Amino acid sequence: MNKFRTHTCGELSVKNNGSKVTLSGWINKKRDHGNLLFIDLRDNYGITQCIIDKENKYFKNLEKIHLETVVKINGLVSKRSQDTVNKDIKTGDIEIKIKSYEILGSCKELPMPVFTDQEYAEDIRLKYRFLDLRRKKIHDNIILRSKVISFIREEMIKLGFLEFQTPILTSSSPEGARDFLVPSRLNQGKFYALPQAPQQFKQLIMVSGFDKYFQIAPCFRDEDARADRSPGEFYQLDLEMSFVEQEEIFEVVEKLMKLIFKKFSKKKILYETFPKITYRDALLKYGTDKPDLRNPLLISDLTSVFTRDDVKFEIFKKLVKSGSIVRAIKTENTKDKPRSFFDGIDNWAKDQGASGMAYFSIEEGERITAKGPVGKFFSQDALIEIMKITEAKVGDSIFFLCNKEYEVLKLISLARDKIANDLNLINNENFAFCWIVDYPMFEVDEKTKKISFSHNPFSMPQGEEAKLDISKPLEIKAYQYDIVCNGIELSSGAIRNHKPDLMYKLFSIAGYSKNEVDKKFKGMINALSYGAPPHGGIAPGIDRIVMLLANEKNIREVTLFPMNQNAQDLMMDAPSEITEDQLKELGLKIKKK
RNA sequence: GGGGGUGUAGCUCAGUUGGUUAGAGCGAUCGCCUGUCACGCGAUAGGUCGCGGGUUCGAGUCCCGUCACUCCCGCCA
């Protein structure tokens, strides 16, 4: 028999009435009635009420015991009387009459309460993460994460995938995010990089003939954090398949996502077949390539309207003449919304750094008119044209923005979310997945005006290789795709380019010579030259999947030991300084500021 | 790198127009209480009001700077 416990704190019931038991756990709560003391004992599995009175010689000592002390309690299971049953806990029908106890782990005065729903400052939570993790909500989130990962493993194996580990110490890659670097002792002056993703390795696994690979892969990127983006490290379900076309990857992932989300959430999946939206359409209709499809609002292009002579909105007309565009959001049946609704959105846009958001509502008296500060600038014919483009009816309102395309897209996608939230149009009880497809191979860099890869340079361009028109690079689409759920980008993937000659051609468009490509992607190009199978894959973000399932907005709520926004681990005190000897051994010198 | 928010007791927070000795709940300590489950009651301790400077007869409160945390932009193929 185990010397610490005969049962856990979550399993005793009236069936055990009268039996002698031993429980071990944390003191969750005490209720001291002077001559009678209740102790709620907690472990991973639940809470059991224990009781002792002054007749027992241990009473005085137990009265003094600190919350969160770890104790072993010996006692008798006792059925509670009808009026003292607690329906809120699994073991609420019984309690333990304490015979004796033993302290297994003492506890100092707590820096923060454990048993409370109160929110508290994140730096304290992170510093005392082991206490924070005892709290029910985050404890449950972490358990959920574990179960989701186990489930993914099982399903992937069922689907015939093999799980492999790839190196954590690898080489720095020139494209993409900033690398975390590790100095090499045996090769002084040289550095390893932690993988931003096992991208090249998984392709090499395909070249090695393993056919289907997956891994719950740690990925490291030295970029600034966001609420949904850990600084440093995160996890992907990395997968790759040989001899596949895009559709087969969609099939696998769609099936897997539906299984996961149905198993671990009660929320409804809005589209059983995930809609496929082209990158181009997504930018037009939603202003972003990660649209929240729970949001019914659509964006329209009204640029052409502002070239009409019967539109007198001169500020916008002038901007349009110099290359700006106008995009609009239609809201249905909102003409009678109070002025504060419209002003709220206008002011919000100003807070976002725009010059504001123009709007009017469409009314019909003897003729069609536009009500609102800028309504007078539009003729009836112009309004009818706007109604045609936006599919608006009388009673609807139009919000619009004018700026350079890049700026308009950034703001109007946010405005779409903002307006939908204000109108309470987003049902949080739904999951809306979609695929974004047909990403362009290249884009023009905003700053340098040079042509560069828009996503993954290893993606396969669409169409036949022979017909590829490299004189119009911006028109080349790639077999590149993203999966998005509720406006959150879960992953991106691609059919890879496994042909070295084609790769040289594409890299030359982005300004890389054959020599440079050979140098930077030596291992990859070399491998692809020895019989590479056509292959492709994707890598859904595990952390974000769990966030959606746990209904959390912050990735730290589903991460065991996260770092803070400045990429510091307050509990382990990382990063930390190292000794002179360590530096010397690595051939490094710290430059003092 | 830039912008917003926050910073008062161990924790969560209040603090009026700048005005006496900076308060409450939880936690801690001490006492009372035999059916609670956020037990109840009484008392005590606990404060560099993030830090530095300024304005003022007087600053938690106003101004300037700075630091920390957080959210966002940039960044994240």
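Just so it is clear: chains get the letters A, B, ... in the order the sequence lines come, proteins before strands, and each one is counted from 1. From a predicted model like this one, the values you see are computed outputs, not experimental measurements. Hydrogens, waters and symmetry mates are skipped; everything else that's a heavy atom, side chains included, is used.
- The P atoms of B:rC67 and B:rG52 are separated by 15 Å, rounded to the nearest whole Å.
- Under the 4.5 Å side-chain criterion, counting only non-hydrogen atoms from C-beta, A:Val244 is not in contact with A:Pro534.
- Atom CG in A:Leu570 sits roughly 7 Å away from atom P in B:rC69 (whole-Å rounding).
- As rounded to whole Å, 13 Å separates atom C1' of B:rU36 from atom CZ of A:Phe115.
- A 3.5 Å limit on both hydrogen-bonding distances identifies B:rC26 as the Watson-Crick or G-U partner of B:rG10.
- Counting non-hydrogen atoms under 4.0 angstrom, A:Asn564 reaches the backbone sugars and phosphates but no base.
- Note on A:Asp88: nothing from the nucleic acid sits closer than 4.0 angstrom, heavy atoms only.
- Evaluation of atom-type donor-acceptor distances gives a pair under 3.5 Å for the side chain of A:Arg80 against the base of B:rU36.
- Phosphate contact (OP1/OP2 of B:rG35, side-chain N/O of A:Asn35, threshold under 4.0 Å): absent.
- Stacking annotation: A:His33 is not stacked on the base of B:rC33 (requires ring centroids less than 5.5 angstrom apart and an interplanar angle below 30 degrees).
- With distances taken from any side-chain atom of A:Glu63 to the nucleotides B:rU12, B:rC33, B:rG35, the minimum falls on B:rC33.
- In this entry the distance linking OH of A:Tyr120 with P of B:rG27 reads 14 Å, nearest Å.
- As judged by a 4.0 angstrom heavy-atom cut-off over every strand, A:Asp228 is placed among residues making no nucleic acid contact.
- Rounded to whole Å, atom P of B:rC33 lies 17 Å from atom CD1 of A:Ile51.
- B:rU12 atom P lies 9 Å from atom CG of A:Asp123, rounded to whole Å.
- A donor-acceptor contact under 3.5 Å links the side chain of A:Glu95 to the base of B:rG35.
- Considering only the side chain of A:Lys29, B:rA38 comes nearest among B:rA38, B:rC71, B:rC37.
- Straight-line distance from the CZ atom of A:Arg221 to the P atom of B:rC76: 10 Å, rounded to whole Å.
- If you check every strand for non-hydrogen atoms under 4.0 Å, A:Thr116 touches nothing.
- Across the strands present, B:rC41 finds its partner in B:rG31; the criterion is a Watson-Crick or G-U wobble pair with both atom distances under 3.5 angstrom.
- The side chain of A:Gln118 has B:rC11 as its nearest neighbour among B:rG27, B:rU70, B:rC11.
- Pairing for B:rU21 is absent, with no Watson-Crick or G-U wobble pair whose two atom distances lie under 3.5 Å.
- The gap from the P atom of B:rA24 to that of B:rG65 amounts to 36 Å, rounded to the nearest Å.
- In this structure, A:Leu506 and A:Met441 have side chains that are in contact, with non-hydrogen atoms separated by less than 4.5 Å.
- A straight line from CZ of A:Phe59 to P of B:rC33 spans 10 Å, rounded to a whole angstrom.
- One finds a side-chain N or O of A:Arg226 lying less than 4.0 angstrom from the OP1 or OP2 phosphate oxygen of B:rC73.
- Checking A:Arg135, A:Lys108, A:Arg42 one by one against A:Glu68, the salt bridge (charged side-chain N to carboxylate O under 4.0 Å, His left out) holds for a single residue, A:Arg42.
- Seen from the ring of A:Phe115, A:Lys29 does not count as a face-on cation partner, given the 6.0 Å and 45° thresholds.
- Under the Watson-Crick and G-U wobble criteria, each requiring two contacts below 3.5 Å, nucleotide B:rC62 is paired to B:rG54.
- In this structure B:rG1 sits in a base pair with B:rC73, meeting the Watson-Crick or G-U test at under 3.5 Å.
- Not a single donor-acceptor pair, N or O on each side, falls under 3.5 Å between the base of B:rC11 and the side chain of A:Arg125.
- Contact annotation: side chain of A:Gln49 to base of B:rU36, donor-acceptor pair present below 3.5 Å.
- Taking for each of A:Lys290 and A:Asp53 the nucleotide of RNA chain B with the nearest heavy atom, the 5'-most of the two is the partner of A:Asp53.
- If you take atom P in B:rU36 and the same atom in B:rC41, they sit 15 Å apart, rounded to whole Å.
- Only the C1' atoms considered, B:rG40 is 23 Å distant from B:rG23, to the nearest whole Å.
- Checked options A:Ile27, A:Leu67, A:Asn28; the residue passing with A:Ile39 is A:Ile27 (criterion: side-chain contact (heavy atoms from CB on, under 4.5 Å)).
- Ion pairing of A:Asp228 with A:Arg544 is present here, as a side-chain N (NZ or NE/NH1/NH2) and a carboxylate O approach within less than 4.0 Å.
- With B:rU12, B:rC71, B:rG74 as the candidates, the nucleotide lying closest to the side chain of A:Lys410 is B:rG74.
- A close approach under 4.0 Å does not occur between any side-chain nitrogen or oxygen of A:His66 and OP1 or OP2 of B:rG10.
- Tested against A:Leu37, the residues A:Ile51, A:Asn56, A:Leu62, A:Ile65 include a single side-chain contact (heavy atoms from CB on, under 4.5 Å) partner, A:Leu62.
- The base of B:rC76 sits within donor-acceptor range of the side chain of A:Arg229, with an N or O pair under 3.5 Å.
- Comparing B:rG42 with B:rG25, their P atoms are spaced 9 Å from each other, to the whole Å.
- Counting distance only, with no hydrogens placed and no angle test, the side-chain atoms of A:Asp83 and the base atoms of B:rG35 include no donor-acceptor pair under 3.5 Å.
- Across all strands shown, A:Pro111 has heavy atoms under 4.0 Å from sugar-phosphate atoms exclusively, and none from any base.
- For B:rU56 and B:rA43, the P atoms lie 44 Å apart once the distance is rounded to whole Å.
- Distance noted for atom P between B:rG50 and B:rC32: 40 Å (whole Å).
- Distance A:Lys54 NZ to B:rG35 P: 12 Å, rounded to the nearest Å.
- Comparing the P positions of B:rG10 and B:rU6 gives an interatomic distance of 22 Å, to the nearest angstrom.
- A donor-acceptor contact under 3.5 Å links the side chain of A:Asn86 to the base of B:rC37.
- In this structure, the ring of A:Phe234 has its center no less than 6.0 angstrom from the ring center of A:Phe220.
- Out of B:rC37, B:rC71, B:rG74, the shortest distance to the side chain of A:Gln565 is found at B:rC71.
- Across all strands shown, A:Val114 has no heavy atoms under 4.0 Å from either base or sugar-phosphate atoms.
- Counting any heavy atom pair closer than 4.0 Å across all strands shown, A:Lys97 reaches a base atom.
- Side-chain N/O atoms of A:Arg31 include none lying less than 4.0 angstrom from OP1 or OP2 on B:rU36.
- When each of A:Phe38 and A:Arg544 is assigned the nucleotide of RNA chain B with its nearest heavy atom, A:Phe38 is the one assigned upstream, toward the 5' end.
- When heavy atoms are screened at a 4.0 angstrom cut-off, A:Gln196 is found touching no nucleic acid atom at all.
- A 4.5 Å side-chain heavy-atom check between A:Gln199 and A:Asn456 finds at least one atom pair inside the cut-off.
- You'll find the side chain of A:Leu12 reaches within 4.5 Å of the side chain of A:Ile96, heavy atoms only.
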